[in-house]
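The next block holds one structure in the form of structure tokens; read it before the comments.
Labels below follow one simple rule: chain letters A, B, ... track the order of the sequence lines, proteins then strands, and each chain is numbered from 1.
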2 protein chains.
Amino acid sequence: MGVVRKTKSVDLLLDQFKSGSEAISVIELVDRLSSKLNKTTIYRVLNNLEDDGVLHSFLGVNSLKWYAKCSGCSKTKHSDIHPHFQCTVCGKVDCLPVKMTIPEIPTHDVKSIQVLINGACTNCRA
Amino acid sequence: MGVVRKTKSVDLLLDQFKSGSEAISVIELVDRLSSKLNKTTIYRVLNNLEDDGVLHSFLGVNSLKWYAKCSGCSKTKHSDIHPHFQCTVCGKVDCLPVKMTIPEIPTHDVKSIQVLINGACTNCRA
DNA sequence: TTTGTTATTGCAACTGAGTTCTAATAAATT
DNA sequence: AATTTATTAGAACTCAGTTGCAATAACAAA
Ligand SMILES: [Mn+2]
Ligand SMILES: [Mn+2]
Ligand SMILES: [Zn+2]
Ligand SMILES: [Zn+2]
């Protein structure tokens with residue numbers, strides 16, 4: 001339903017995504033903010049910010065939910081489509097600024113595509 | 001650890017994958033077999049069959065775990081890499097026999113890639 | 001066939017990410 | 001300042017998946 005009122009909760013969560021373009025898991029956000037925000041509030045505000053095109057979410061390994069900043073999205077149009085990279089060494093998740101070619105599938109109507117890549121990130125590779 | 005003994009449980013689960021090449025969620029398998037097998041047993045046997053290269057697993061929408069037959073895999077080598085297609089209309093999941101081009105990412109060491117495509121399947125598209 | 005070994009199973013309890021419900025609170029409007 | 005209602009905290013809940021352990025059954029050896 002989107003964010004309507006500028007509350008302390010919205011500000012606190014937006015702060016977490018201010019610096020850097022790294023994705024953050026909800027578990028991590030709950031851990032960071034548990035003394036200031038209720039778990040339920042965190043889930044709801046993140047959901048609202050996604051509706052507004054401010055953040056986008058995706059599932060990492062272990063089916064954990066992750067959020068990252070959108071770039072160029074709005075309440076009416078989510079256009080920031082890209083693969084996500086989860087490092088198997090340090091666990092960090094990056095949004096990859098890479099053009100994905102959606103494969104031609106004559107037998108199916110493709111609407112969306114989610115790509116999760118695993119491997120070693122810039123810091124962790126030998 | 002793989003399957004060691006040919007038990008009733010192994011046979012029952014393999015039967016579910018005998019005909020057709022459609023993926024089946026664990027939830028569906030538990031539902032189908034709950035009168036004959038314990039939930040825990042189902043999870044364990046599926047895991048063993050995956051170790052043996054007989055089945056492969058992946059996560060669909062809602063983070064549910066799905067299994068499908070492998071083709072050309074063995075206990076030592078899982079080589080059956082392909083995208084999965086989940087129909088948003090009927091919910092069915094297909095293994096797509098499509099070559100995926102892993103994008104070049106000079107900043108990361110890519111080990112594996114998981115692709116989940118959403119849309120309408122052959123039966124459900126207008 | 002009988003016996004012994006141990007892989008496998010069933011069951012109950014547990015885990016934990018995410019959701020739901022409701023009363024209290026606080027942003028925003030009048 | 002009073003009113004409206006979006007938002008929040010908290011507790012309880014959901015449910016896919018896991019764990020621990022005692023009972024069972026495959027399978028090989030005798
Ligand atoms: Mn992203
Ligand atoms: Mn498959
Ligand atoms: Zn790393
Ligand atoms: Zn369909």
(request) Take the protein atom CE of Met1(B) and the nucleotide atom P of dA7(C), then report the distance between them rounded to whole Å. (result) 7 Å

Where do N or O atoms of nucleotides 27-30 of chain D meet protein N or O atoms at under 3.5 Å, pair by pair?
unit_1: dC27(D); atom_1: OP1; unit_2: Lys6(B); atom_2: N; d: 2.8

(message) Using heavy-atom distances to pick each residue's nearest nucleotide on DNA chain D, tell me which of Lys39(A) and Lys39(B) is more 5'.
(response) Lys39(A)

(message) I'd like to know if Lys18(B) pairs up with Asp15(B) as an ion pair, taking the criterion as any Lys NZ or Arg NE/NH1/NH2 lying under 4.0 Å from an Asp or Glu carboxylate oxygen.
(response) yes

(request) Could you check if a side-chain atom of Asp94(A) sits within less than 4.5 angstrom of a side-chain atom of His108(B), using non-hydrogen atoms only? (result) yes

(request) For Val30(B), answer base if it contacts any base atom (sugar-phosphate contacts may also be present), sugar-phosphate if it contacts only those atoms, and nothing otherwise; contact means non-hydrogen atoms under 4.0 Å. (result) nothing

(request) Give me the residues of residues 86-93 of chain B where at least one heavy atom lies under 4.0 Å from an atom of DNA chain C, by number, or none. (result) none

(request) Starting at atom CG of Asn38(B), determine the distance to atom P of dG17(D), rounded to an integer number of angstrom. (result) 15 Å

(message) Applying the side-chain contact (heavy atoms from CB on, under 4.5 Å) criterion to Leu12(B), which one of Val45(B), Thr7(B), Leu37(B) satisfies it?
(response) Leu37(B)

(request) Check if the side chain of Arg44(B) and the base of dG17(D) share a donor-acceptor pair of N or O atoms closer than 3.5 Å. (result) no

Per-pair distances, 0.1 Å, donor-acceptor, side chain in residues 116-126 of chain B, under 3.5 Å, sequence neighbours excluded:
unit_1: Thr122(B); atom_1: OG1; unit_2: Thr107(A); atom_2: O; d: 2.9
unit_1: Arg125(B); atom_1: NH1; unit_2: Pro106(A); atom_2: O; d: 3.2
unit_1: Arg125(B); atom_1: NH1; unit_2: Asp109(A); atom_2: OD1; d: 3.4
unit_1: Arg125(B); atom_1: NH2; unit_2: Pro106(A); atom_2: O; d: 3.0

(message) On DNA chain D, does the nearest nucleotide to Lys8(A) precede the nearest nucleotide to Lys65(B) from the 5' side, or the other way round? Give the residue.
(response) Lys8(A)

(message) Expressed as a whole number of angstroms, how long is the span from Asn62(B):CG to dA17(C):P?
(response) 18 Å

(message) Tell me whether the side-chain N or O atoms of Thr40(A) pair up with the base of dT20(C) as donor and acceptor below 3.5 Å, since no angle test is needed here.
(response) yes

(request) Using the side-chain contact (heavy atoms from CB on, under 4.5 Å) rule, pick out the option among Ile42(B), Thr41(B), Leu46(B), Asn47(B) that qualifies with Arg44(B). (result) Thr41(B)

(message) If I take atom NZ in residue Lys36(A) and atom P in nucleotide dT8(D), what distance separates them, rounded to the nearest angstrom?
(response) 15 Å

(request) Specify the separation, in whole Å, of atom OH of Tyr43(B) and atom C1' of dG20(D). (result) 18 Å

(request) Compare side-chain N and O positions of Thr41(B) against OP1 and OP2 of dG10(C) and report whether any pair is under 4.0 Å apart. (result) yes

(request) State plainly whether one hydrophobic cluster holds both Leu49(B) and Leu33(B), where clusters connect Ile, Leu, Val, Met, Phe, Trp and Tyr through side-chain heavy atoms under 4.5 angstrom apart. (result) yes

(request) Would you mind reporting whether Leu29(B) and Phe17(B) have side-chain heavy atoms less than 4.5 Å apart? (result) yes

(request) Look at the side chain of Asp80(B) and the backbone N and O of Cys70(B), then say whether any donor-acceptor pair between them is shorter than 3.5 Å. (result) no

